[in-house]
Amino acid sequence: MEISRRRLLSAVSALSVTSATSATSVTSVLSAAGLMAVVPAGPASAAAGAEGRERLVANTVAVFAGTAESNARPETAAKLAAMERAARANLKAMDDAREGELFAGLVLGTDEANLNTAYRRLYEIALATRAPGLPADLYGSTTVQRRVLDGLARLHERYYGDQSKGYYGNWFHWEIGISQHISKTLVLLAEAVSAHRPDLVPTYVASMDAYLRNGTDGDVDLDSRFHTGANLADITTNRILQGALLGGPGEARIRKALTDQLTVFATIDPYRLQHGVTDGHYADGSFLQHSSVAYTGSYGKGLLTRVVQTLKIVDGTGFAHGEELVPTVYGWVRNGFAPLIFEGWMMEIVKGRAVSRPDSGYTDVATVVEAVVDLSSLASGATATALKSYVKHVRTTSRAPLDPARFVSPVSVVRYADILDDPAVPPADLNPAARSVAFNAMDRTVHRRPGYAFALARSSDRISKYEYMNGENLMPWFQGDGAYHLYLSGQDQSRAYGVDYYTTVSPYGLAGVTAPVEQRRTVPELYGKPYYDNPGHPLGFTSSSESQNKYVYFPRGTNRFSGGAVLGAYGAAGMVQSSDVAYRDRALLPDDFVVYRAATATKSWFLFDDEIVVLAADVGDTAGRAVTTTVDARTAAPDDRISLTGALRDGRPWTGPGTADLHWLRYANTTEGTAVGYVFLDTPKVRVTLDEVTRSRRVVRTANSDAPVTRSVLGVTVDGAAGAKPARLAYALVPGAGEARLRAHRHGPLKVLANSRRLQAVEHTGLGLTAANAFTEGRHEAGGLRVHGPASVLVQRGGHRDGTARGGTVRVAVSDPTMDRDTVTVLLRGRSLRRAAGDPQVRVDRVPGGTRIEVDTHHAYGRSFTVTLTD
């Protein structure tokens, strides 16, 4: 269920004035919008308000502390033990605190992260006092609860209540993180608060409102760039809990917060932005946060978690009909998350700066699984079954055991166990076995087959090249320059990727990257702090300023062409590499602001069954620097058994490492039982290295442990000398290939039709597929295709082994990777064909010498349009 932002906001605008609107009229507005989630205030609901608030508090306690029933189950024992350990450790830290400390060793007053930690520890203690099944000296202990409340009072008095001293450091802690811990703690201890310190609720709510400084009058501001997406969901959930604590006057806060949160369910329409917000879910499954960062795997999972928690918290309260929103969230899981999860691992291309954190992709997916488990309990029928089957699928395919003790809710632990134990629920992926997905709204491409998944990160003047912030992801410079990850089935992905990939692989040698040979410095190395500080400059550089975002934290590229087409399970993607906006705007920036210039390259990726074909043209550097293009970079455990075999272009066998004129190369990890082949279709000499690399994870994130990690690192690289003319490359990645299959590529099925900065095209004779990316204006010809202007095109002629096209049929897919064109025209040479089926945006005409296809791409935002033709 896709909810347009325009329809949703029309409902929201009506809800925002419910005090002057009858319940009937508001219901009519919501119904007209196709969504009725927030129950309006009015005389009919007034009597139920107290019961609704009580139910909301009870739901919240159940979500975080569990119930007597859930906590009596053996499956929750590990979760309860973790709760108990955290509470006792925190209580001991309180016992050991010295004068001026609340917790031993936690210095407060200058570090907002430490203050956030203090509030989190109080929450963890409070949680243990409300969790049935814990020992009596914790569960229900009035003494412990009062100790928590006294701690809250002390923190407010000394470190939080003085508005003139607060709000230093990271805004997130003040507006979201600290408020989250306070709000949940007060809800957990609502009865104790009333009996022991009733002043805490109004006092803290007033202070939390005051710290909402990016809002308006202590409330959410939908026009603020800080109050979007996952951040907005966090803020509004906090305010829902606060409203429940405030009694009758708090109901308006609850309804307003729900109304504000409702906006995150809207599908972003980039041509009709509301409040200028680009953060959220797009029609193609993309998710953005921070305006231009592909972020499904970090902020996206945070948003998913928060909205599902909110649906559980308000369930049965009368404040909202959450069941109306379940189909929308299911769509996020099916189209946004599932393609990015491979055998229980979250792909790195959508994690922003979180790629530098030690938590693995398996840990990320555990968070998603908990949300899916809870969503299945709110769903019904086929949707509930599909969600439960997906939970089982993730569990059965993951190489790492999912630890439900790390779930937030004991109730979720029990639901998870029930799903796994239910024989009526078969494991089933939400992805088909073969799927190609163009997340063009966030410049990402995912191509999946039973034995592998290929994940590509692109960038453009719409989407950031990378994200750096707060000392995280220190060397990110090329992560959006066509970098890719090739995940192989059956392997432990934490040995191949994760933080140790970025730690041990050179940032200039990430798989797929063309980079100049130079040494760049991290932001802390350049400026002596985690950001560039120059508030006196006209651009106003401060830690969280818009200029900091634009030029330091997540700069966009300056190229327009980035996108691709999908035809069934096949895909094409292309990108023109560019420098970032800081290099473009260098004349506007301060003299001490350091900018870096990118190398040049025009690249295409053509995505078939057994091969991923990569073409690169105009590979070089206008400044005359040497450049390197990395065909692949793979890591393995240092004791894994690795072999490198290949054949030279003249057919002689070759064993690596070394530099050679290769026809093909095979990398095999016999310990993991995986292999990748590389067929060099038109490539200069290739340098193959296999090194043991030891580095500290702190090279990528200042907060990481300094303990060294060691990996065996493969590098397959093509070097370009300084001053050399721009080069072109053509090669294929062949996941899982044996030597016989690699040798067979000497005779097909791949044929390069064009490889220039204007046009790149290949033919796969075995599949009957022709794929092309045209990058420039004018007419482009290749393989029986004529393409007018920039476009991405796939053509499949019938009767081939994949079974997707039969007889005399021809299937065509077209997209506009510039997202600027109103129409794209393609001519298929040969016999004239007629339209059999297809998208209404596609027009077909018979013309002399072939068939003319005209596609309406106006405001399509990179979407692929398809048509089937017959004789």
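Only heavy atoms go into these numbers, but all of them, side chains included; no hydrogens, no water, no symmetry mates. Just so you know, these numbers come straight off a predicted model, no measurement behind them.
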### Message
As a test of understanding, state which of Ser459, Ser460, Ser464 forms a side chain to side chain donor-acceptor pair (under 3.5 Å) with Asp443.
### Response
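In the set Ser459, Ser460, Ser464, the residue that makes a side chain to side chain donor-acceptor pair (under 3.5 Å) with Asp443 is Ser460.
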
Measuring from atom [atom1] of [X] to atom [atom2] of [Y], what distance do you get when rounded to the nearest 0.5 angstrom?
X: Arg695; Y: Ser506; atom1: CZ; atom2: OG; result: 6.5 Å
X: Tyr667; Y: Leu690; atom1: OH; atom2: CG; result: 7.0 Å
X: Gln493; Y: Leu488; atom1: CD; atom2: CG; result: 7.0 Å
X: Phe478; Y: Thr630; atom1: CZ; atom2: OG1; result: 10.0 Å
X: Asn669; Y: Gln491; atom1: CG; atom2: CD; result: 7.5 Å
X: Arg458; Y: Lys603; atom1: CZ; atom2: NZ; result: 13.0 Å

For [X] and [Y], does a side-chain donor sit closer than 3.5 Å to a side-chain acceptor?
X: Asp609; Y: Tyr570; result: yes
X: Asn473; Y: Gln479; result: yes
X: Arg444; Y: Ser286; result: no

### Task
Applying salt bridge (charged side-chain N to carboxylate O under 4.0 Å, His left out), run through Arg357 and Asp359 and close with a yes or a no.
CA-CA 6 Å; Arg357 296 173 186 168; Asp359 284 346; over 6 Å; no

Is any side-chain N of the basic residue among [X] and [Y] closer than 4.0 Å to the acidic one's carboxylate O?
X: Arg863; Y: Asp839; answer: yes
X: Asp500; Y: Arg711; answer: yes
X: Arg652; Y: Asp650; answer: yes

What are the two closest heavy atoms between [X] and [Y], and how far apart are they?
X: Ala511; Y: Ala633; result: CB-N, 3.6 Å
X: Arg495; Y: Ala637; result: NH1-CB, 3.0 Å
X: Thr397; Y: Glu343; result: O-CB, 3.4 Å
X: Val446; Y: Leu340; result: CG2-CD2, 3.7 Å
X: Ala730; Y: Asn755; result: CB-ND2, 4.3 Å
X: Tyr497; Y: His485; result: CD2-CD2, 3.2 Å

Check: [X] side chain, [Y] main-chain N or O, donor-acceptor pair, under 3.5 Å:
X: Arg649; Y: Phe680; value: yes
X: Thr635; Y: Ala496; value: yes
X: Arg757; Y: Thr602; value: no
X: Asp691; Y: Val693; value: no
X: Thr445; Y: Leu456; value: no
X: Asp621; Y: Ala626; value: no
X: Glu692; Y: Thr710; value: no
X: Ser712; Y: Ala636; value: no
X: Tyr508; Y: Arg520; value: yes
X: Glu611; Y: Ala732; value: no

Would you check if [X] and [Y] make a side-chain contact, meaning some heavy-atom pair closer than 4.5 Å?
X: Val688; Y: Leu714; result: yes
X: Thr645; Y: Pro653; result: no
X: Val700; Y: Met475; result: yes
X: Asn431; Y: Val437; result: no
X: Phe606; Y: His764; result: no
X: Asn773; Y: Val787; result: no
X: Asp481; Y: Thr514; result: no
X: Leu486; Y: Ile612; result: yes

### Query
Taking only residues two or more places apart in sequence, or in another chain, which ones meet Glu348 in a side chain to side chain donor-acceptor pair (under 3.5 Å)?
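With neighbours one apart ignored, the set is Trp345, Tyr487.
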
### Task
Check the pair Ile463 / Leu288 against side-chain contact (heavy atoms from CB on, under 4.5 Å), numbers first and verdict last.
CA-CA 9 Å; Ile463 299 299; Leu288 297 182; 3.8 Å; yes

### Test side-chain hydrogen bond (donor to acceptor under 3.5 Å, both in side chains) applied to Arg353 and Tyr295, step by step
CA-CA 9 Å; Arg353 68 185 189 272; Tyr295 236 148; 3.3 Å; yes

### Query
Who passes ring-ring contact (aromatic ring centres under 6.0 Å, His included) against Phe287, sequence neighbours left out?
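Partners of Phe287 under the ring-ring contact (aromatic ring centres under 6.0 Å, His included) test: His281.
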
#### Entry: Check against side-chain contact (heavy atoms from CB on, under 4.5 Å), Asp492 and Glu672
CA-CA 8 Å; Asp492 182 345; Glu672 288 279 339; 4.2 Å; yes

### Plane angle bin for Phe454 and Tyr484 - parallel if under 30°, tilted between 30 and 60°, otherwise perpendicular
tilted

### Message
Is there a side-chain contact (heavy atoms from CB on, under 4.5 Å) between Leu729 and Thr629? Walk through the geometry before answering.
### Response
CA-CA 9 Å; Leu729 318 174; Thr629 298; 3.6 Å; yes

### Query
Please walk me through it: do Val505 and Leu510 pass side-chain contact (heavy atoms from CB on, under 4.5 Å)?
CA-CA 7 Å; Val505 174; Leu510 302 178; 4.0 Å; yes

### Task
Please say whether more than 12 non-hydrogen atoms of neighbouring residues, nucleotides or ligands are located less than 6.0 Å from CZ in Arg728.
no

